[in-house]
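Note that the structure is a prediction, hence the values are computed from the model and not measured. Excluded from the calculations below are hydrogen atoms, water molecules and symmetry mates; all remaining heavy atoms, backbone and side chain alike, are included. Per chain, numbering begins at 1; letters A, B, ... match sequence-line order.
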Amino acid sequence: MCYDVATNYKRQLKEAERLGADKSEIDFLSKKLKELEKLKRYNESIEHYYTSGFSHQKLGVITADKPDELQFFQWGLIPFWVKDSKTAQKLSNQTLNARGETIFEKPSFRAAAKKRRCLVVLTGYYEHYWADAKGKRKIPYYIEFKNKLPMYMGGLWEEWVDKETGEVVKTVTIVTTEANSALAKVHNRDESNPRMLNIIPNEMKFDWLHEIQNDSDKKFIESLIRPYPEEELTIYPVGQLRGKNGLGDVPEAHEKVEYEDIEVPLFD
DNA sequence: CCAGACGTTGTT
DNA sequence: GTCTGG
DNA sequence: CCAGACGTTGTT
DNA sequence: GTCTGG
């Protein structure tokens, strides 16, 4: 499931420096980190080794209006037309992901797809492999770039006003696409519909934010919704994340685990 | 007309 | 806000 | 995070 | 009370 992510923004800069990333990338990240330093709550609720979408944490987002800032929007898109907080809560549990194939059609996504695309910045994310047919046992996998640079996911955002309280809530969803062949092996519960998050190639990240003025612009955006090559990804099993015995939001959530009692797919 | 849905991954 | 189903 | 299940033998 | 699934 594409509901589990890591957002270690401070580490992204350190890794980029350690691995000798381009100067432009380092500059880009350090500029964003300056914004982060201003946020007092930064260490409390923004930096996660592991977080579930259902806890609706804030994710780092880049929008077309403010391409130089890293903003923080609540995960789980609430369409602008939602009238009450009960519906808002219900919908936001169903809009953690948006199928890339239908974002321009679905009532919940089409307005945002046209006018409010964004990049969701992650350090990595998780998928669950089913070790048996019914998914009684699930093995989590961690996925990140081999070069450990930040992952820029295609996203959509909205601004929703709670009429009961006047509160303005900015929310975001992450676009999904067909899985590449490696991630299809991990996302194995339904062979006819393997999914992965829609990673936008680093050098094309701002293309995703381009304004749509005509049909060919729209076609261009649609062409960015596609599986990302597995050759650039590290994919490996990690320890249980959820539940009482789960690791939770700790550095160990990123550590590779050897499963001795069971055969699981492995990648180089 | 008007109430109810509006969604995903993975199930029923 | 807009569509669908009853 | 939080709502919902928490079970069996035997049947569909 | 505690675990699971969304």
Could you check which of [options] has an atom nearest any side-chain atom of [X]?
X	options	value
A/S52	B/dT8, C/dG1, E/dG6	E/dG6
A/R110	E/dG6, B/dG7, C/dT2	C/dT2
A/H187	B/dT8, E/dG6, B/dT9	B/dT9

Can you list everything that forms a side-chain contact (heavy atoms from CB on, under 4.5 Å) with [X]? Sequence neighbours excluded, please.
X	value
A/Q57	A/S45, A/H48, A/T51, A/S55
A/N188	A/Y129, A/W130
A/K219	A/D215, A/E222

Please measure how far the [atom1] atom in [N] lies from the corresponding atom in [M], and state the result in whole Å.
N	M	atom1	answer
B/dT9	E/dG5	C1'	11 Å
D/dG4	D/dT8	P	23 Å
D/dC6	B/dT12	P	11 Å
B/dG7	C/dC3	P	13 Å

Electrostatic pair A/D27:A/K31 at N-O distance under 4.0 angstrom: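 Looking at A/D27 and A/K31, the cut-off is not met.
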Which pairs would a plain distance check flag for residues 230-237 of chain A, meaning a side-chain donor or acceptor within less than 3.5 Å of a matching protein atom at least two apart in sequence or in another chain?
residue: A/E230; atom: OE1; partner: A/S181; partner atom: N; Å: 3.3
residue: A/E230; atom: OE1; partner: A/S181; partner atom: OG; Å: 3.2
residue: A/E230; atom: OE1; partner: A/A182; partner atom: N; Å: 3.3
residue: A/E230; atom: OE2; partner: A/S181; partner atom: OG; Å: 3.2
residue: A/E232; atom: OE1; partner: A/Y228; partner atom: OH; Å: 2.5
residue: A/Y236; atom: OH; partner: A/H254; partner atom: O; Å: 2.4

Of all pairs that satisfy ring pair (Phe, Tyr, Trp, His ring centres under 6.0 Å), the ones with a partner from residues 86-105 of chain A, not counting sequence neighbours: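 Matches after skipping sequence neighbours: none remain.
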What is the distance, rounded to the nearest whole Å, between atom [atom1] of [X] and atom [atom2] of [N]?
X	N	atom1	atom2	answer
A/Y3	E/dG6	OH	P	9 Å
A/D4	B/dT9	CG	P	13 Å
A/N97	E/dG6	CG	C1'	12 Å

Any N/O donor-acceptor pair, A/K90 side-chain to B/dG7 base, under 3.5 Å: no
Intra- and inter-strand pairs of DNA chain B in dot-bracket (Watson-Crick or G-U wobble, both distances under 3.5 Å; | for another strand): ||||||......
